[in-house]
Number of protein chains: 2
Amino acid sequence: MTTTVAQQRLLDAAVEAFAEQGYHGTTTRDIASRAQRSPAAVYIHHESKEDLLFAVSLRGHQEALAVLESAFGSTDDPTERLQRMVYEFSLWHLRNAQVGRVVQYELRALRGDHREAVINLRHRFEELMVQALRSGERSGAFAQLDVGAAGRALLSLGIDLVRWFEAAPGRDAEAVARANVDFAMRIVRP
Amino acid sequence: MTTTVAQQRLLDAAVEAFAEQGYHGTTTRDIASRAQRSPAAVYIHHESKEDLLFAVSLRGHQEALAVLESAFGSTDDPTERLQRMVYEFSLWHLRNAQVGRVVQYELRALRGDHREAVINLRHRFEELMVQALRSGERSGAFAQLDVGAAGRALLSLGIDLVRWFEAAPGRDAEAVARANVDFAMRIVRP
DNA sequence: GTCTATAGCGGGATAGAC
DNA sequence: GTCTATCCCGCTATAGAC
(Lines give C-alpha, C1' and ligand atoms only; values in the text may rest on other atoms or scores of the structure.)
Protein backbone atom coordinates (compact mmCIF):
# COMPACT_ATOMS: atom_id res chain seq x y z
CA MET A 1 0.00 0.00 0.00
CA THR A 2 2.63 2.55 -0.98
CA THR A 3 1.50 5.93 -2.23
CA THR A 4 2.59 6.48 -5.81
CA VAL A 5 3.97 9.78 -7.07
CA ALA A 6 0.82 10.41 -9.10
CA GLN A 7 -1.41 9.73 -6.11
CA GLN A 8 0.55 12.11 -3.93
CA ARG A 9 0.52 14.83 -6.56
CA LEU A 10 -3.25 14.57 -6.88
CA LEU A 11 -3.71 14.71 -3.12
CA ASP A 12 -1.44 17.72 -2.82
CA ALA A 13 -3.22 19.44 -5.69
CA ALA A 14 -6.58 18.75 -4.08
CA VAL A 15 -5.44 20.20 -0.74
CA GLU A 16 -4.22 23.34 -2.45
CA ALA A 17 -7.34 23.80 -4.54
CA PHE A 18 -9.83 22.98 -1.77
CA ALA A 19 -8.01 25.29 0.64
CA GLU A 20 -8.01 28.19 -1.81
CA GLN A 21 -11.45 27.82 -3.35
CA GLY A 22 -13.40 25.47 -1.14
CA TYR A 23 -14.64 22.03 -2.18
CA HIS A 24 -17.62 23.19 -4.25
CA GLY A 25 -15.61 26.04 -5.73
CA THR A 26 -13.01 23.64 -7.08
CA THR A 27 -13.34 21.74 -10.36
CA THR A 28 -11.85 18.31 -10.89
CA ARG A 29 -10.23 19.81 -13.98
CA ASP A 30 -8.43 22.31 -11.75
CA ILE A 31 -7.14 19.58 -9.48
CA ALA A 32 -5.92 17.56 -12.45
CA SER A 33 -4.23 20.57 -13.97
CA ARG A 34 -2.43 21.47 -10.71
CA ALA A 35 -1.18 17.88 -10.56
CA GLN A 36 -0.18 18.12 -14.25
CA ARG A 37 -2.50 15.32 -15.20
CA SER A 38 -5.49 14.98 -17.49
CA PRO A 39 -9.03 15.48 -16.12
CA ALA A 40 -9.58 11.74 -16.23
CA ALA A 41 -6.58 11.03 -14.01
CA VAL A 42 -8.53 12.09 -10.93
CA TYR A 43 -10.72 9.04 -11.31
CA ILE A 44 -7.93 6.48 -11.44
CA HIS A 45 -7.33 6.58 -7.69
CA HIS A 46 -10.62 8.01 -6.45
CA GLU A 47 -14.21 7.08 -7.21
CA SER A 48 -15.44 10.64 -7.15
CA LYS A 49 -14.55 14.19 -6.23
CA GLU A 50 -16.20 13.66 -2.84
CA ASP A 51 -14.09 10.56 -2.32
CA LEU A 52 -10.97 12.65 -2.90
CA LEU A 53 -12.12 15.18 -0.32
CA PHE A 54 -12.65 12.33 2.11
CA ALA A 55 -9.11 11.11 1.56
CA VAL A 56 -7.75 14.61 2.27
CA SER A 57 -9.98 15.20 5.26
CA LEU A 58 -9.38 11.80 6.84
CA ARG A 59 -5.61 12.09 6.56
CA GLY A 60 -5.70 15.60 7.94
CA HIS A 61 -7.78 14.59 10.93
CA GLN A 62 -5.61 11.57 11.62
CA GLU A 63 -2.45 13.62 11.42
CA ALA A 64 -3.69 16.34 13.76
CA LEU A 65 -5.03 13.73 16.15
CA ALA A 66 -1.74 11.84 16.14
CA VAL A 67 0.03 15.07 17.08
CA LEU A 68 -2.33 15.70 19.98
CA GLU A 69 -2.22 12.08 21.20
CA SER A 70 1.54 12.07 21.09
CA ALA A 71 1.76 15.26 23.14
CA PHE A 72 -0.80 13.87 25.58
CA GLY A 73 1.23 10.71 26.12
CA SER A 74 4.62 12.38 26.28
CA THR A 75 4.57 13.15 30.02
CA ASP A 76 2.53 12.68 33.19
CA ASP A 77 3.02 16.21 34.48
CA PRO A 78 -0.29 18.02 33.88
CA THR A 79 1.24 21.43 33.21
CA GLU A 80 3.94 20.16 30.90
CA ARG A 81 1.40 17.96 29.17
CA LEU A 82 -1.12 20.72 28.48
CA GLN A 83 1.64 23.03 27.29
CA ARG A 84 2.85 20.44 24.81
CA MET A 85 -0.69 19.70 23.62
CA VAL A 86 -1.53 23.34 22.95
CA TYR A 87 1.86 23.99 21.39
CA GLU A 88 1.84 21.01 19.04
CA PHE A 89 -1.83 21.36 18.13
CA SER A 90 -1.36 25.05 17.33
CA LEU A 91 1.85 24.44 15.42
CA TRP A 92 0.23 21.74 13.31
CA HIS A 93 -2.52 24.15 12.27
CA LEU A 94 0.06 26.83 11.49
CA ARG A 95 2.36 24.57 9.48
CA ASN A 96 -0.51 22.79 7.74
CA ALA A 97 -2.89 25.69 7.34
CA GLN A 98 -4.10 24.48 3.93
CA VAL A 99 -4.97 20.97 5.08
CA GLY A 100 -6.29 22.52 8.27
CA ARG A 101 -8.67 24.74 6.39
CA VAL A 102 -10.02 21.81 4.40
CA VAL A 103 -10.37 19.80 7.62
CA GLN A 104 -12.23 22.61 9.40
CA TYR A 105 -14.27 24.21 6.62
CA GLU A 106 -15.26 21.38 4.30
CA LEU A 107 -16.86 18.92 6.72
CA ARG A 108 -20.30 19.81 5.32
CA ALA A 109 -19.33 18.62 1.86
CA LEU A 110 -18.70 15.07 3.08
CA ARG A 111 -21.58 12.66 2.51
CA GLY A 112 -23.05 9.98 4.78
CA ASP A 113 -20.50 7.48 6.01
CA HIS A 114 -17.59 9.73 5.16
CA ARG A 115 -18.91 12.55 7.30
CA GLU A 116 -19.68 10.16 10.15
CA ALA A 117 -16.21 8.67 10.09
CA VAL A 118 -14.64 12.10 10.38
CA ILE A 119 -17.04 13.33 13.07
CA ASN A 120 -16.18 10.31 15.16
CA LEU A 121 -12.52 11.26 15.01
CA ARG A 122 -13.37 14.80 16.03
CA HIS A 123 -14.86 13.75 19.36
CA ARG A 124 -11.47 12.44 20.36
CA PHE A 125 -9.87 15.91 20.29
CA GLU A 126 -12.26 17.19 22.96
CA GLU A 127 -11.88 14.04 25.03
CA LEU A 128 -8.12 14.41 25.14
CA MET A 129 -8.33 18.04 26.19
CA VAL A 130 -10.89 17.26 28.88
CA GLN A 131 -8.73 14.44 30.26
CA ALA A 132 -5.69 16.68 30.34
CA LEU A 133 -7.63 19.40 32.14
CA ARG A 134 -9.12 16.96 34.67
CA SER A 135 -5.75 15.55 35.65
CA GLY A 136 -4.47 19.06 36.27
CA GLU A 137 -7.53 19.88 38.35
CA ARG A 138 -7.03 16.78 40.49
CA SER A 139 -3.34 17.46 41.07
CA GLY A 140 -4.07 21.06 42.01
CA ALA A 141 -1.94 22.39 39.18
CA PHE A 142 -5.02 23.91 37.48
CA ALA A 143 -8.03 25.81 38.76
CA GLN A 144 -11.47 24.21 39.07
CA LEU A 145 -12.95 24.72 35.60
CA ASP A 146 -15.81 23.78 33.34
CA VAL A 147 -13.45 21.38 31.61
CA GLY A 148 -15.72 20.94 28.60
CA ALA A 149 -15.91 24.66 27.91
CA ALA A 150 -12.21 25.18 28.65
CA GLY A 151 -11.25 22.28 26.38
CA ARG A 152 -13.26 23.73 23.50
CA ALA A 153 -11.70 27.15 24.12
CA LEU A 154 -8.17 25.74 23.96
CA LEU A 155 -9.01 23.88 20.75
CA SER A 156 -10.52 27.08 19.31
CA LEU A 157 -7.26 28.92 19.89
CA GLY A 158 -5.53 26.35 17.67
CA ILE A 159 -8.24 25.73 15.09
CA ASP A 160 -8.99 29.38 14.35
CA LEU A 161 -5.37 29.92 13.33
CA VAL A 162 -6.16 28.44 9.91
CA ARG A 163 -8.53 31.35 9.28
CA TRP A 164 -5.93 34.10 9.35
CA PHE A 165 -2.35 32.80 9.58
CA GLU A 166 -1.69 32.13 5.91
CA ALA A 167 -2.77 35.64 4.99
CA ALA A 168 -0.39 37.16 7.57
CA PRO A 169 3.04 36.85 5.98
CA GLY A 170 6.17 37.28 8.05
CA ARG A 171 4.57 36.13 11.25
CA ASP A 172 6.55 33.46 13.10
CA ALA A 173 4.69 30.20 13.59
CA GLU A 174 6.58 29.12 16.71
CA ALA A 175 5.96 32.49 18.33
CA VAL A 176 2.23 32.22 17.64
CA ALA A 177 2.14 28.69 19.06
CA ARG A 178 4.04 29.86 22.17
CA ALA A 179 1.55 32.70 22.62
CA ASN A 180 -1.28 30.17 22.59
CA VAL A 181 0.54 28.15 25.25
CA ASP A 182 0.83 31.30 27.33
CA PHE A 183 -2.89 32.02 26.98
CA ALA A 184 -3.76 28.42 27.82
CA MET A 185 -1.67 28.54 30.99
CA ARG A 186 -3.31 31.79 32.00
CA ILE A 187 -6.74 30.22 31.50
CA VAL A 188 -6.06 27.16 33.65
CA ARG A 189 -3.86 28.59 36.43
CA PRO A 190 -5.51 28.55 39.88
CA MET B 1 -34.80 52.58 1.17
CA THR B 2 -37.11 50.23 3.07
CA THR B 3 -36.55 46.51 2.72
CA THR B 4 -39.53 44.82 1.14
CA VAL B 5 -40.94 41.52 2.36
CA ALA B 6 -39.69 39.76 -0.75
CA GLN B 7 -36.20 41.17 -0.35
CA GLN B 8 -36.02 40.08 3.26
CA ARG B 9 -37.27 36.59 2.46
CA LEU B 10 -34.59 36.20 -0.19
CA LEU B 11 -31.86 37.42 2.16
CA ASP B 12 -33.04 35.08 4.91
CA ALA B 13 -33.21 32.19 2.46
CA ALA B 14 -29.69 32.96 1.24
CA VAL B 15 -28.32 33.04 4.78
CA GLU B 16 -29.90 29.68 5.54
CA ALA B 17 -28.71 28.06 2.33
CA PHE B 18 -25.18 29.50 2.40
CA ALA B 19 -24.78 28.52 6.06
CA GLU B 20 -25.91 24.95 5.44
CA GLN B 21 -24.24 24.24 2.11
CA GLY B 22 -21.71 26.96 1.55
CA TYR B 23 -21.84 29.55 -1.24
CA HIS B 24 -20.67 27.31 -4.07
CA GLY B 25 -22.74 24.41 -2.78
CA THR B 26 -25.93 26.46 -2.99
CA THR B 27 -27.94 26.95 -6.17
CA THR B 28 -29.91 30.09 -6.90
CA ARG B 29 -32.88 27.77 -7.44
CA ASP B 30 -32.54 26.57 -3.85
CA ILE B 31 -32.52 30.11 -2.51
CA ALA B 32 -35.58 31.03 -4.57
CA SER B 33 -37.41 27.91 -3.45
CA ARG B 34 -36.67 28.56 0.25
CA ALA B 35 -38.03 32.08 -0.21
CA GLN B 36 -41.06 30.63 -2.05
CA ARG B 37 -40.24 32.52 -5.19
CA SER B 38 -39.37 31.57 -8.75
CA PRO B 39 -35.73 31.14 -9.80
CA ALA B 40 -35.89 34.46 -11.64
CA ALA B 41 -36.94 36.37 -8.51
CA VAL B 42 -33.39 36.25 -7.18
CA TYR B 43 -32.31 38.61 -9.95
CA ILE B 44 -34.90 41.30 -9.27
CA HIS B 45 -33.03 42.69 -6.28
CA HIS B 46 -29.51 41.39 -6.92
CA GLU B 47 -27.34 41.45 -10.00
CA SER B 48 -25.85 38.03 -9.39
CA LYS B 49 -25.48 35.25 -6.87
CA GLU B 50 -22.19 36.76 -5.76
CA ASP B 51 -23.92 40.09 -5.25
CA LEU B 52 -26.41 38.39 -2.95
CA LEU B 53 -23.57 36.88 -0.93
CA PHE B 54 -22.05 40.32 -0.64
CA ALA B 55 -25.31 41.73 0.73
CA VAL B 56 -25.44 38.97 3.35
CA SER B 57 -21.77 39.22 4.25
CA LEU B 58 -21.73 43.02 4.46
CA ARG B 59 -24.78 43.17 6.71
CA GLY B 60 -23.38 40.45 8.91
CA HIS B 61 -20.05 42.19 9.31
CA GLN B 62 -21.72 45.53 10.00
CA GLU B 63 -24.01 44.00 12.60
CA ALA B 64 -21.23 42.21 14.46
CA LEU B 65 -19.06 45.30 14.30
CA ALA B 66 -21.87 47.49 15.64
CA VAL B 67 -22.23 45.11 18.58
CA LEU B 68 -18.53 45.30 19.36
CA GLU B 69 -18.34 49.09 18.92
CA SER B 70 -21.33 49.58 21.17
CA ALA B 71 -19.79 47.45 23.93
CA PHE B 72 -16.49 49.27 23.50
CA GLY B 73 -18.15 52.65 23.97
CA SER B 74 -20.47 51.65 26.79
CA THR B 75 -18.00 52.33 29.62
CA ASP B 76 -14.52 53.64 30.37
CA ASP B 77 -13.64 50.98 32.89
CA PRO B 78 -11.20 48.63 31.11
CA THR B 79 -12.34 45.45 32.87
CA GLU B 80 -16.02 46.12 32.46
CA ARG B 81 -15.42 47.14 28.87
CA LEU B 82 -13.52 44.03 27.87
CA GLN B 83 -16.08 41.84 29.61
CA ARG B 84 -18.91 43.46 27.67
CA MET B 85 -17.00 43.22 24.39
CA VAL B 86 -16.27 39.51 24.76
CA TYR B 87 -19.78 38.79 26.02
CA GLU B 88 -21.62 40.65 23.28
CA PHE B 89 -19.29 39.48 20.51
CA SER B 90 -19.64 35.86 21.63
CA LEU B 91 -23.40 36.16 22.06
CA TRP B 92 -23.83 37.62 18.59
CA HIS B 93 -22.00 34.65 17.06
CA LEU B 94 -24.10 32.25 19.13
CA ARG B 95 -27.46 33.87 18.32
CA ASN B 96 -26.55 34.48 14.67
CA ALA B 97 -24.55 31.36 14.01
CA GLN B 98 -25.88 31.03 10.44
CA VAL B 99 -24.98 34.56 9.39
CA GLY B 100 -21.79 34.13 11.36
CA ARG B 101 -20.81 31.07 9.41
CA VAL B 102 -21.38 32.84 6.10
CA VAL B 103 -19.39 35.82 7.37
CA GLN B 104 -16.47 33.66 8.49
CA TYR B 105 -16.39 30.87 5.91
CA GLU B 106 -17.45 32.48 2.63
CA LEU B 107 -15.04 35.41 2.39
CA ARG B 108 -13.13 33.61 -0.37
CA ALA B 109 -16.19 33.55 -2.61
CA LEU B 110 -16.41 37.35 -2.71
CA ARG B 111 -14.85 38.97 -5.80
CA GLY B 112 -12.70 42.04 -6.12
CA ASP B 113 -14.22 45.15 -4.60
CA HIS B 114 -16.68 43.16 -2.56
CA ARG B 115 -13.98 41.20 -0.84
CA GLU B 116 -11.93 44.33 -0.24
CA ALA B 117 -14.86 46.17 1.31
CA VAL B 118 -15.42 43.34 3.76
CA ILE B 119 -11.75 42.87 4.59
CA ASN B 120 -11.52 46.55 5.46
CA LEU B 121 -14.31 46.13 7.97
CA ARG B 122 -12.56 43.13 9.48
CA HIS B 123 -9.48 45.14 10.47
CA ARG B 124 -11.67 47.19 12.77
CA PHE B 125 -12.46 44.18 14.99
CA GLU B 126 -8.80 43.69 15.84
CA GLU B 127 -8.23 47.40 16.34
CA LEU B 128 -11.02 47.63 18.87
CA MET B 129 -9.72 44.66 20.82
CA VAL B 130 -6.18 46.03 20.80
CA GLN B 131 -7.38 49.42 22.05
CA ALA B 132 -9.39 47.82 24.82
CA LEU B 133 -6.40 45.72 25.89
CA ARG B 134 -4.02 48.70 25.81
CA SER B 135 -6.20 50.83 28.04
CA GLY B 136 -6.35 47.99 30.58
CA GLU B 137 -2.58 47.61 30.42
CA ARG B 138 -2.06 51.32 31.07
CA SER B 139 -4.47 51.42 33.99
CA GLY B 140 -2.82 48.36 35.53
CA ALA B 141 -6.07 46.37 35.38
CA PHE B 142 -4.51 43.93 32.89
CA ALA B 143 -1.13 42.26 32.62
CA GLN B 144 1.50 43.37 30.09
CA LEU B 145 0.56 41.39 27.00
CA ASP B 146 1.25 41.02 23.30
CA VAL B 147 -1.96 42.91 22.66
CA GLY B 148 -2.14 41.89 19.00
CA ALA B 149 -1.91 38.20 19.79
CA ALA B 150 -4.23 38.50 22.78
CA GLY B 151 -6.78 40.42 20.74
CA ARG B 152 -6.81 37.76 18.05
CA ALA B 153 -7.17 35.06 20.72
CA LEU B 154 -10.19 36.77 22.26
CA LEU B 155 -11.77 37.15 18.82
CA SER B 156 -11.05 33.48 18.10
CA LEU B 157 -12.97 32.47 21.19
CA GLY B 158 -16.03 34.21 19.76
CA ILE B 159 -15.63 33.45 16.07
CA ASP B 160 -14.98 29.73 16.46
CA LEU B 161 -18.37 29.35 18.20
CA VAL B 162 -20.05 29.33 14.79
CA ARG B 163 -18.21 26.11 13.98
CA TRP B 164 -19.81 23.96 16.66
CA PHE B 165 -22.61 25.72 18.55
CA GLU B 166 -25.50 25.07 16.16
CA ALA B 167 -24.76 21.35 16.15
CA ALA B 168 -24.79 21.25 19.98
CA PRO B 169 -28.48 21.40 20.89
CA GLY B 170 -29.56 22.20 24.42
CA ARG B 171 -26.49 24.26 25.22
CA ASP B 172 -27.25 27.64 26.74
CA ALA B 173 -25.93 30.58 24.69
CA GLU B 174 -25.62 32.99 27.62
CA ALA B 175 -23.69 30.41 29.62
CA VAL B 176 -21.26 29.89 26.74
CA ALA B 177 -20.79 33.64 26.35
CA ARG B 178 -20.18 33.98 30.11
CA ALA B 179 -17.61 31.20 29.93
CA ASN B 180 -15.77 33.13 27.23
CA VAL B 181 -15.80 36.24 29.44
CA ASP B 182 -14.31 34.16 32.23
CA PHE B 183 -11.54 32.85 29.95
CA ALA B 184 -10.85 36.35 28.65
CA MET B 185 -10.47 37.71 32.18
CA ARG B 186 -8.15 34.88 33.08
CA ILE B 187 -6.01 35.66 30.03
CA VAL B 188 -5.63 39.37 30.81
CA ARG B 189 -5.41 39.41 34.61
CA PRO B 190 -2.03 40.49 35.95
C1' DG C 1 -42.26 42.80 -9.44
C1' DT C 2 -43.15 38.22 -10.55
C1' DC C 3 -43.77 34.50 -13.49
C1' DT C 4 -42.59 30.50 -17.20
C1' DA C 5 -39.44 29.04 -20.36
C1' DT C 6 -35.04 28.53 -22.02
C1' DA C 7 -30.45 29.88 -23.63
C1' DG C 8 -25.88 28.67 -23.04
C1' DC C 9 -22.07 26.84 -20.82
C1' DG C 10 -19.28 24.60 -17.38
C1' DG C 11 -18.48 20.55 -14.69
C1' DG C 12 -18.51 15.48 -12.97
C1' DA C 13 -17.82 11.41 -14.77
C1' DT C 14 -16.95 7.75 -18.42
C1' DA C 15 -15.58 5.31 -22.99
C1' DG C 16 -12.12 3.47 -25.34
C1' DA C 17 -7.39 3.85 -27.40
C1' DC C 18 -2.64 3.31 -26.09
C1' DG D 1 -2.05 4.11 -15.49
C1' DT D 2 -2.79 7.79 -18.49
C1' DC D 3 -4.62 10.05 -22.32
C1' DT D 4 -8.30 12.45 -25.64
C1' DA D 5 -12.86 13.03 -26.55
C1' DT D 6 -17.31 13.47 -25.08
C1' DC D 7 -21.78 12.60 -22.73
C1' DC D 8 -25.22 14.83 -20.31
C1' DC D 9 -26.87 17.01 -16.51
C1' DG D 10 -27.65 21.09 -13.81
C1' DC D 11 -26.58 25.65 -13.05
C1' DT D 12 -26.53 30.97 -13.65
C1' DA D 13 -28.65 34.24 -15.90
C1' DT D 14 -31.96 36.33 -19.25
C1' DA D 15 -36.13 37.01 -22.46
C1' DG D 16 -40.56 38.20 -22.66
C1' DA D 17 -45.49 37.79 -21.05
C1' DC D 18 -48.49 39.46 -17.42
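Convention: sequence-line order gives letters A, B, ...; per-chain numbering from 1. Keep in mind the model is a prediction, meaning the values are calculated, not measured.
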Whole-Å distance separating the CD atom of A:Q36 from the C1' atom of D:dC3 = 15 Å
request  = Verify the distance criterion only: is there a donor paired with an acceptor across the side chains of A:R108 and B:Q21 at less than 3.5 Å?
outcome  = no
Spatial distance of atom NE2 (A:H24) from atom CD (A:E106) [nearest 0.5 Å] = 7.5 Å
ask   = Around atom CG of A:D172, are there more than 12 heavy atoms of other residues, nucleotides or ligands at under 6.0 Å?
value = yes
Nucleic acid contacts - residues 39-48 of chain A versus DNA chain C, non-hydrogen atoms under 4.0 Å = A:A40, A:Y43, A:S48
ask   = Do B:F125 and B:V181 share a hydrophobic cluster, counting only Ile, Leu, Val, Met, Phe, Trp and Tyr and linking them when any side-chain heavy atoms are less than 4.5 Å apart?
value = yes
message = I need the CD1-C1' distance between A:I31 and D:dT2, as an integer number of Å.
response = 17 Å
ask   = When the distance from NZ of B:K49 to P of D:dG10 is rounded to whole Å, what number comes out?
value = 16 Å
Separation of C:dG1 P from B:R9 CZ (nearest whole Å) = 16 Å
query = For the pair made of NE2 in B:H24 and C1' in C:dG10, what is the distance, rounded to whole Å?
reply = 14 Å
key: Separation of C:dG1 P from B:R37 CZ (nearest whole Å)   = 12 Å
pair A:S135-A:R81: side-chain heavy atoms closer than 4.5 Å = yes
request  = Could you tell me whether B:E88 and B:R95 make a salt bridge, using a distance below 4.0 angstrom between a side-chain N and a carboxylate O?
outcome  = no
request  = Would you mind reading off the distance between B:Q21 atom CD and D:dC11 atom P, rounded to a whole angstrom?
outcome  = 10 Å
request  = Could you state the atom-to-atom distance from CZ of A:R111 to P of C:dG12 in whole Å?
outcome  = 15 Å
ask   = NA contact type, B:S38, heavy-atom cut-off 4.0 Å: base, sugar-phosphate, or nothing?
value = base
inquiry  = Given the structure, check if the side chain of A:R29 and the base of C:dG12 hold any donor-acceptor pair shorter than 3.5 Å.
reply    = yes
